[in-house]
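Just so it is clear, the values below take in all heavy atoms, side chains as well, and ignore hydrogens, waters and symmetry mates. Owing to the predicted nature of the structure, the values given are computational and were not obtained by experimental measurement.
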Amino acid sequence: MTINNVLVFGTPAPHDQTIPPWGNSRWLGLSFLALLMLLGFSGNAYSQSSELSIPLQTWIARPLPGCATAPCQNIKDMRGLYDSTAKKSYFFGGDHNGSSGYAALYSYNVVTDQWTLEHDVCTPSGTEQPAHPDEGTFVYDLRREYFWWIPGFSHPGNGDNCQSTLGYFTTLSYNTNTGRWTSSNYVEPPTYGSEIGIYGVFDPITDTIIRLLGNNGMPSRQTYAISTNTWSTNSFPGITPDGQSSASTSQSAIDVIGRKVYVLDPFYDVLWVYSIDTDTLSVQSNVPFHISAYSVEWNGQFNMRLYWDSINKVLLFPQINGNEGLVRLHAYKPSTNTWEVQKPMTTLPAGMTVRGNGGVFDPDHNVLIFFGGSGSPNPYVFLYRYGTGSGSDLTPPVAPTGLRVS
């Protein structure tokens, strides 16, 4: 089903490569030097990708080291984020290591191919931690150097006999400097549980976490303003023929510079775009293939993984057919409103299947990290580099006036 008859759309204008000035008064107390230091967390990321030498548009397989330091067995539904300060990726939640909602936190250094168990399923007595985190919003807050875990859904009980305090359906932040989780009286999202709010993105410009929702229901957006500890919502009625969407069941991707959040919708085979600055949802593109044709989970309505490659300014969509692996890797270019439907990669050794149920794009090393999968265990992590672009994950906005250098 398409929705051409509901929305009028065309080729979008190329993204503006600068970010508009900040008008938020809470920044007026910062000196100009401090502001530049704060925003200097991610510049031209591709200049550092020489640390990782891999061929273009070729899947590279690396063996996972096993359960002692990395996720193992049936790795499904884990959430990944990229820590631009530590220059490595982190993975949390999901089903793996023989358990559902496994609470261990892992990091991965793609340059050294090193996995680290940051904390096990139980944190120490007297500390907090998420309770059996299955699927939820897991994002990196580069202003505070925090990770955020926002339900989503989790599993009740204390089957691991942890001595810590378990936060069930609780928002928690993880301080990367102290290595500790805290609930800190965070306000919970307006709706959560089951398949509601299981993905989200962090926008450093507005200092918010944005979640696009719509699991067999009206498309909507929830936004968490971190500085004020408040949630806001907005619904988008009338933009689909039957008032439904599956935005919340597919992984969204943010283009910080372009001020857009993208998500695939297998109900209508469209790519939605949420404009952060105008708070509107519309169709970015009709997808020239059946999005969920090869998904084997929940009748093809779930686990559409979308990644924003900020170096090459494309959306990457690995289309997976369960244990049979990669069918196609699709790339969408917002600047030209065009899809590249890529052929299956055949450069891997014989008998090796590209599979994945989660991952993350690492902008400092210009690589998509992809692993896991439903069904039988996937013993590899896969790397993919689309191109040799010169983009960046974020550029500083125009500096506000009236500040003094302290």
Query raised in the report: Is there a side-chain hydrogen bond (donor to acceptor under 3.5 Å, both in side chains) between Glu188 and Thr171 once you walk through the steps?
Result: CA-CA 6 Å; Glu188 301 306 330; Thr171 296; 2.8 Å; yes
Requested in this report: Tell me, with the steps shown, if Leu383 and Val110 meet side-chain contact (heavy atoms from CB on, under 4.5 Å).
Outcome: CA-CA 9 Å; Leu383 309 180; Val110 73; 3.9 Å; yes
Report task. Decide side-chain contact (heavy atoms from CB on, under 4.5 Å) for Ile205 and Arg259; before the verdict, give the C-alpha distance in whole Å, the side-chain angles of both, and the deciding distance to 0.1 Å. Result -> CA-CA 9 Å; Ile205 306 305; Arg259 315 303 297 132; 3.6 Å; yes
Query raised in the report: Should Arg385 and Asp362 be marked as a salt bridge (Lys or Arg N to Asp or Glu O under 4.0 Å) after you check the CA-CA gap, both sets of side-chain angles, and the distance that decides it?
Result: CA-CA 10 Å; Arg385 178 174 288 169; Asp362 174 344; over 6 Å; no
Requested in this report: Given ring-ring contact (aromatic ring centres under 6.0 Å, His included), test Tyr106 with Phe91 step by step and report yes or no.
Outcome: CA-CA 5 Å; Tyr106 304 88; Phe91 298 94; 8.5 Å; no
Query raised in the report: Passes side-chain contact (heavy atoms from CB on, under 4.5 Å), Tyr386 versus Leu316? Steps please.
Result: CA-CA 9 Å; Tyr386 172 84; Leu316 299 176; 4.0 Å; yes
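Ring pair Tyr102/His96 is perpendicular by interplanar angle, where above 60° counts as perpendicular and below 30° as parallel. By the 30° and 60° cut-offs, the orientation of the rings of His119 relative to Tyr174 is tilted. Using cut-offs of 30° and 60° for the angle between ring planes, the Tyr384 and Trp59 rings count as tilted. The aromatic rings of Tyr380 and Phe382 lie tilted to each other, with the angle between the two planes from 30° to 60°.
Salt bridge status for Lys260 with Asp255: absent, with no side-chain N to carboxylate O gap under 4.0 Å. The residues Lys88 and Asp364 are annotated as not salt-bridged, no charged nitrogen and carboxylate oxygen being separated by less than 4.0 angstrom.
Taking each heavy atom of Gly389 and Ile311 in turn, the nearest pair found is O-CG2, 3.2 Å. Minimum heavy-atom separation, Ser245 to Pro219: CB-CG, 3.5 Å. When all heavy atoms of Leu213 and Ala247 are compared, the pair lying nearest together is O-CB, 3.7 Å. Contact detail for Gly197 and Arg211: the closest heavy-atom pair is O-NH1, 2.7 Å. Taking each heavy atom of Asn337 and Gln284 in turn, the nearest pair found is OD1-O, 3.6 Å. Among all heavy-atom pairs drawn from Gln73 and Asn97, the shortest one is NE2-C, 3.7 Å.
Inter-residue side-chain proximity for Val263 and Asp265 is flagged as unmet; no heavy-atom pair is nearer than 4.5 Å. At a threshold of 4.5 Å between non-hydrogen side-chain atoms, the residues Thr137 and Trp148 do not count as touching. Side-chain contact check for Arg355 versus Phe371: every heavy-atom pair is 4.5 Å or farther apart. By the 4.5 Å heavy-atom criterion applied to side chains, Asn229 and Tyr224 are counted as neighbours. Side chains of Tyr262 and Pro334 form a contact here, defined as non-hydrogen atoms less than 4.5 Å apart. The shortest distance between side-chain heavy atoms of Asn175 and Arg180 does not fall below 4.5 Å. At a threshold of 4.5 Å between non-hydrogen side-chain atoms, the residues Arg79 and Trp149 count as touching. Looking at Phe153 and Phe169, their side chains come closer than 4.5 Å, going by heavy atoms from C-beta outward.
Distance check: Leu306 CG to Leu264 CG gives 4.5 Å after rounding to the nearest 0.5 Å. Interatomic distance, Cys122 SG to Asp160 CG, rounded to the nearest 0.5 Å: 5.0 Å. Rounding to the nearest 0.5 Å gives a distance of 8.5 Å between OG1 of Thr223 and CG of Asn234. One distance of note links CD1 of Ile226 with CG of Asp141; it measures 4.5 Å at 0.5 Å rounding.
Checked against the 6.0 Å centroid threshold, Trp308 and Tyr332 do not count as a close aromatic pair. Checked against the 6.0 Å centroid threshold, Trp339 and Phe289 count as a close aromatic pair.
Side chains of Ser282 and Tyr274: a donor-acceptor N/O pair is absent below 3.5 angstrom, by distance only. Side chains of Ser164 and Gln129: a donor-acceptor N/O pair is present below 3.5 angstrom, by distance only. Side chains of His132 and Ser100: no donor on one and acceptor on the other come within 3.5 Å. With no hydrogens or angles considered, no side-chain donor-acceptor pair links Thr233 and Gln222 at under 3.5 Å. Side chains of His330 and Glu340: no donor on one and acceptor on the other come within 3.5 Å. Of the N and O atoms on the side chains of Thr182 and Ser184, not one donor lies less than 3.5 Å from an acceptor on the other residue.
Residues passing the salt bridge (charged side-chain N to carboxylate O under 4.0 Å, His left out) test with Asp83, sequence neighbours excluded: none. In this structure Tyr108 satisfies the ring-ring contact (aromatic ring centres under 6.0 Å, His included) test together with Trp115, sequence neighbours excluded.
Between the Gln57 side chain and the Gly387 main chain, no donor and acceptor come within less than 3.5 Å of each other.
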